[in-house]
2 protein chains.
Amino acid sequence: MNAFSTAATGGRKKRGEGHTRREEILQAAKELFLELGYEATTIRRIADRVGVSAPALYLYFQDKEQMMLALCDQTFAVLIESIAEIENTVTDPRERIRRFGEAYLKFGLAHPDEYKLIFLGTNIPESIRKLGHRMPTDDPTRPGIGGALVFQRLVTMLVEAKQGGLKLNYPPDTCAELCWMGIHGVVAALILKPDFPWSNRDLLGTGMLDIVLNGVIAAA
Amino acid sequence: MNAFSTAATGGRKKRGEGHTRREEILQAAKELFLELGYEATTIRRIADRVGVSAPALYLYFQDKEQMMLALCDQTFAVLIESIAEIENTVTDPRERIRRFGEAYLKFGLAHPDEYKLIFLGTNIPESIRKLGHRMPTDDPTRPGIGGALVFQRLVTMLVEAKQGGLKLNYPPDTCAELCWMGIHGVVAALILKPDFPWSNRDLLGTGMLDIVLNGVIAAA
DNA sequence: GAAGATAACTTATCAATGGTAAGTTAACGG
DNA sequence: CCGTTAACTTACCATTGATAAGTTATCTTC
């Protein structure tokens, strides 16, 4: 532990305690990814913050990418949980979808970096870029599956809405895709262009929710 | 010119002919950016294809980024032109906006890499990431301004639509932002997740256009 | 047509990156 | 005490974007 390392955690771990080192690495990586972004966060920087040598990280992660994947899963679990709560407490199908959109918006704006990496990554490794649309039949224990799970919930909501008697203007999966694309468009824009003088951020969120709901669900 | 270099262009340029080398570099860079993406395209690869040494590129461009900027401008000029044609030939305001959206969609899907770099870049240098939302008052000769110019046209269309008597559900700039976000959401999704089993790509485009137009312009 | 000036280049080199190979140290079980 | 092995380190590699400094060919001027 030297005085210049932000979170150095002392010397060598005892036998069997390697997993605590792994968590220290994840914590440091998370901080740095959020501070600097994926590319600017180097293996050496993470290692410095943890207080170990750079190659030590490879004892716990296959590569830099796997660190990010583990972190994304942690974060998306929060969103998945809040969606589950909506499903358990809100019965009206239209209101469910709206609440989903609100939760999604809130999540995206609260976790812009994880959102970027899962849903907006363009110059990051292929295996990360594909996470957002991985099929729900994929192994759910595989890291980075969160994005696809979230989308799958929306599809289910639309299917159930139709079964519940709502009239949809498009097939349920198309409706889900359109809803997601609209909301995603708002999140993506606000995240990617934070300095743009948006007319009214709140109105963009609620407005888009109104627009896609009205566009997808036929008037009663 | 050696037989292994795809587009090597012979020896040293004569005095005053440096600009032709610059164009050769741009051409090679364009090919490689499209083949490999921004990150995977290295200075050395570009130089190899042109048939010069790597540092020679720095005679014509400040850095790798400036090459991409020059290319983005070239491409966006095509979209700007097609929008200008719509403005000149389509008078009905609602139809204008729809045609704008169609042109925008078509452009995005036809030039996914340029689109990614201007509107979706996340791990590319800051100066590129900001291009999409640069203010229209910025110097339009500055490289990479295309994205902002396009958006500005949409705002103008909405303002004129309101002046023309159409009733808008939100302020014109908010309407423009919502329209753009919806369409952008479709383009971004189709570009970023090309392998996802989208229900119906054409329907997503036309559907989103219907949805945002209906959502933004009040029924007659 | 020789002499400079300089545009157009090259070679050599830099620090930083992600990642690997191979060795070292410390903790535990017997 | 001793061997095994988890937990690490040092040394290194190829590749990256970029720079410094030198070289060569072409044009202008006398």
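Values reported hereafter were calculated over all heavy atoms of this structure, with side chains retained and with hydrogens, waters and symmetry mates removed. Reminder, nothing fancy here: chain letters follow the sequence lines and each chain counts from 1.
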* To do: For the residue pair B/E23 and B/Q27, confirm or rule out a side-chain donor-acceptor distance under 3.5 Å.
  => no

* Which residues share a side-chain contact (heavy atoms from CB on, under 4.5 Å) with B/L59, sequence neighbours left out -> none

Enumerate, atom names and distances included, each donor-acceptor pair closer than 3.5 Å involving a side-chain atom of residues 175-186 of chain B, sequence neighbours excluded.
residue : atom : partner : partner atom : Å
B/E177  : OE1  : A/S199  : N            : 3.2
B/E177  : OE1  : A/S199  : OG           : 2.7
B/E177  : OE2  : A/S199  : N            : 3.1
B/W180  : NE1  : B/Y104  : OH           : 2.8
B/H184  : ND1  : B/Y115  : OH           : 2.6

* **Listed partners of A/E160 passing salt bridge (Lys or Arg N to Asp or Glu O under 4.0 Å), at least two apart** => A/R96

* To do: Ignoring backbone atoms, establish whether A/R21 has a side-chain N or O less than 4.0 Å from OP1 or OP2 of D/dC8.
  => yes

Please report, rounded to the nearest Å, how far the [atom2] atom of [N] is from the [atom1] atom of [X].
X: B/Y60; N: D/dT19; atom1: OH; atom2: P; result: 17 Å
X: A/E23; N: D/dA7; atom1: CD; atom2: C1'; result: 16 Å
X: A/H19; N: D/dA6; atom1: NE2; atom2: P; result: 14 Å
X: A/L59; N: C/dT20; atom1: CG; atom2: P; result: 12 Å
X: A/I25; N: C/dG18; atom1: CD1; atom2: C1'; result: 15 Å
X: A/Y58; N: D/dT9; atom1: OH; atom2: P; result: 15 Å

* Describe, in one word, how the ring planes of A/Y38 and A/F33 are oriented to each other, choosing from parallel (under 30°), tilted (30 to 60°) and perpendicular (over 60°). =>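 Rings of A/Y38 and A/F33: parallel, as their planes differ by under 30°.
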
* Electrostatic pair B/E35-B/R45, nearest N-O below 4.0 angstrom ->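 Answer for the salt bridge query: no.
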
* Does the pair A/E102/A/R98 count as a salt bridge with the N-to-O cut at 4.0 Å? ->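 Answer for the salt bridge query: yes.
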
* **Residues forming a side-chain hydrogen bond (donor to acceptor under 3.5 Å, both in side chains) with A/Q74, sequence neighbours excluded** => none

* **Minimum-distance nucleotide to B/P55 side chain [options: C/dT20, C/dT10, C/dA8]** =>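 Among C/dT20, C/dT10, C/dA8, the one nearest the side chain of B/P55 is C/dT10.
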
Polar-atom pairs under 3.5 Å, protein N or O versus N or O of nucleotides 26-30 of chain C: list them with distances, or write none.
residue : atom : partner : partner atom : Å
C/dA27  : N3   : A/R15   : NE           : 3.2
C/dA27  : N3   : A/R15   : NH2          : 3.3

Atom pairs, N/O to N/O, protein against nucleotides 15-17 of chain C, distance under 3.5 Å?
none

